[in-house]
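Down below is the structure, laid out as structure tokens.
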Amino acid sequence: MAATDPELIDRCRRGDPASFAGLATRWGKAAYALAYRLLQDAHLAEDARQTALLRAFACREQFNGSAAFSTWLFRIVVNVCRDWQRSSRVRDRVTDRSAEVSNSRAPAVCGEAVLEGSETARRVAAAVRGLPRPIREVVVMRHYMELRFADIAAILEVPVSTVKSRMTNGMRLLRETLEDDES
Amino acid sequence: MSGPREEYITCEAVREELPALLYDEAPNDRKRCLQAHLRACEPCRAELKAHRRTMNLLDQWTLEPGKGRATFPWTPRPRGKRFDGLRPVLIGTAAALIAFAALSMWGVSVSRLNGQWIVSLGHQQQDQMRAVDTLPHGQRRAVRSIVDDALDYRLQELLVALEADLAGVVHGEQRQRLLLASAVEEVRDADAQRFGAVIDALLRRQVEAERDVERFQAEMIAWKETLGQSLAPSTDEEHVKENS
């Protein structure tokens, strides 16, 4: 039977750093997915995943077990993404890549339905990217990462009511943007 | 006997709770209450439908084609990043292959069998060694010993150089990571300073604004007093006129 997260982190603290690899394997993909949805850049998302895991390993003594390991790791991922989004270099790069994506055409071999689907996907990605950062974080974590409102509140360290309110605003803003695109 | 009273809930409160209802996170009693409101309220029902449409659109942005809302999707790693973790090993292996190829061109082949390095000579060297075979026994042993030492030294030198290359690559990776971490820290510090400066400026403006208000109040008081003084004699004069 696979060891649980608290068991692995406990072993890691007792001087078995290799047990952290189990946690990294278990949560690495999710950390990447979260970073990718927030940054919308595969290179940056991969770097964010690695940086978050390194930070988590370096700060493993600070993990007090009051929340789940995933909550703690996702908080680190969100902070790493925020740090990078503030950096103008990263911001420019994301903007450039977004422009590339929005200008690129789907491969000619794709069927009409796939082409249409990918166009909608690009529009949705652009709409999510256009959301204010606090709202975007909530929408990504609730809709795409399927985290519960209470978990998101723990990750962002805000009340659950704030998370729900941001989600409501996010849905409204997305609807306005996507409906504008359609018209 | 009447049933349990339904809790009154405003449209605004219902709309705040719609995401919880749509993502199935509302507690059962709250859900019943919301559904009761929705049955009776057409605008809120329309809002719910609009949210559902938005959710369906959001589902279109998948990271893996063909899958719906993927929680932990797989995405191909970008080109150039794919072998990041193996880079030192790949570079070391490539260096070793180049070195072995160079030795092969020189006519020497190096192989490993049962944990022992085996060095075999090429045709040219084998001819030379055959010529050595014609030498007297004492000289032959001395020449063979010199050749063996030279080959062994060359092999050791090669391995030391490879290890140094490998250490250099690993060190380079670590340095890059440290540089990245320090760059992140710098950006954070710069942001903190920038925001600190903005906050300081705002505080200064607030203090200035408070001073302006105080000055304005003082001016108002002074004006009132001046006005009072300027009005007072005229009133007295009118009284005097009326009395007269």
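Below, chains carry the letters A, B, ... as their sequence lines are ordered, and counting in each starts from 1. Because the structure is a prediction, the values reported are computed rather than measured.
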Counting only heavy atoms closer than 4.5 Å, note whether [X] contacts chain A via side chain, backbone, both or neither.
X	value
B/Arg53	side chain
B/Leu18	neither
B/Glu47	both

Is it true that [X] and [Y] make a salt bridge, defined as a side-chain N closer than 4.0 Å to a carboxylate O?
X	Y	value
A/Arg55	A/Asp83	yes
B/Glu25	A/Arg142	yes
A/Arg172	A/Glu176	no

(Q) Heavy-atom pairs under 4.5 Å with chain B: which of A/Lys164, A/Met167, A/Arg148 has the most? (A)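 Answer, by heavy-atom pair count under 4.5 Å with chain B: A/Arg148.
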
Q) In terms of heavy-atom proximity below 4.5 Å to chain B, should A/Val128 be classed as side chain, backbone, both, or neither? A)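 Just the side chain, heavy atoms under 4.5 Å.
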
**Q.** Interface moiety of A/Leu147 toward chain B, non-hydrogen atoms closer than 4.5 Å
**A.**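 Just the backbone, heavy atoms under 4.5 Å.
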
Q: Classify the angle between the aromatic ring planes of B/Trp61 and A/Tyr36 as parallel (below 30°), tilted (30 to 60°) or perpendicular (above 60°).
A: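 B/Trp61 vs A/Tyr36 ring planes: tilted.
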
(Q) Can you see whether A/Asn64 engages A/Trp72 through a side-chain donor-acceptor pair at a distance of less than 3.5 angstrom? (A)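 Looking only at side-chain atoms, A/Trp72 and A/Asn64 do not form any donor-acceptor pair under 3.5 Å.
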
